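Structure, as structure tokens:
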Amino acid sequence: GQEGTLFSNFLESIRSGDTNHLQCSMQEGFYSSALPLLANISYRVKRELRFLGDSEQFANDPEANTYLSKIYREPFSFPK
């Protein structure tokens with residue numbers, strides 16, 4: 001399907017360092033992958049959620065917020 005083509009296109013752009021040949025903008029690609037991930041979190045917690053884009057957190061839902069990242073083991077952690 002087209003998903004494989006878009007993924008291959010993305011990898012080629014990363015390897016070449018040239019984003020001029022991307023089939024969609026980086027922002028469009030981000031939203032295309034982020035929205036299904038947010039929907040999956042809603043499915044996991046079995047309720048409707050409200051996502052606040054400015055803070056990148058769910059409104060008044062600490063449980064849902066735990067699904068926004070994971071705990072990495074050293075040395076593969078990210079600075080906060």
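Model, not experiment: these values are computed from the prediction. The figures that follow rest on heavy atoms only: side chains count, while hydrogens, waters and symmetry mates do not.
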>> Test of understanding: with side chain to side chain contact (heavy atoms under 4.5 Å, CB included), list the residues that count as partners of Ser77, not counting sequence neighbours.
In response: Tyr72, Glu74
> Partners of Arg50 by side chain to side chain contact (heavy atoms under 4.5 Å, CB included), sequence neighbours excluded?
Replying inline: Leu52, Ala59
> Should Leu68 and Leu38 count as side-chain neighbours, where that means a heavy-atom distance under 4.5 Å?
Replying inline: yes
> Looking at Ser25 and Glu28, what are the two nearest heavy atoms and their distance?
Replying inline: OG-N, 3.0 Å
> Does Glu12 have any side-chain hydrogen bond (donor to acceptor under 3.5 Å, both in side chains) partners at least two apart in sequence or in another chain, and if so, which?
Replying inline: none
> Which pair of heavy atoms, one from Asn9 and one from Gln23, lies closest together, and at what distance?
Replying inline: OD1-N, 2.9 Å
> What is the minimum heavy-atom distance between Ser42 and Leu49, and which atoms define it?
Replying inline: CA-CD1, 3.6 Å
>> Tell me which pairs pass salt bridge (Lys or Arg N to Asp or Glu O under 4.0 Å) where either residue lies in residues 34-49, with sequence neighbours left out.
In response: Arg47-Asp61, Arg47-Glu63
> Which atom pair, heavy atoms only, marks the closest approach of Ile41 to Ala64?
Replying inline: CG2-O, 3.8 Å
>> Which heavy atom of Tyr67 sits nearest to which heavy atom of Val45, and what is that distance?
In response: CE1-CG1, 3.7 Å
>> Once ring-ring contact (aromatic ring centres under 6.0 Å, His included) is applied, what residue pairs with a partner in residues 20-48 remain, sequence neighbours excluded?
In response: none
> Is it the case that more than 12 heavy atoms not belonging to Asp18 sit under 6.0 Å from its CG atom?
Replying inline: yes
>> Can you list everything that forms a ring pair (Phe, Tyr, Trp, His ring centres under 6.0 Å) with Phe51? Sequence neighbours excluded, please.
In response: Phe58
> To the nearest 0.5 Å, what is the distance between CG (Asn65) and CG (Asn60)?
Replying inline: 9.5 Å
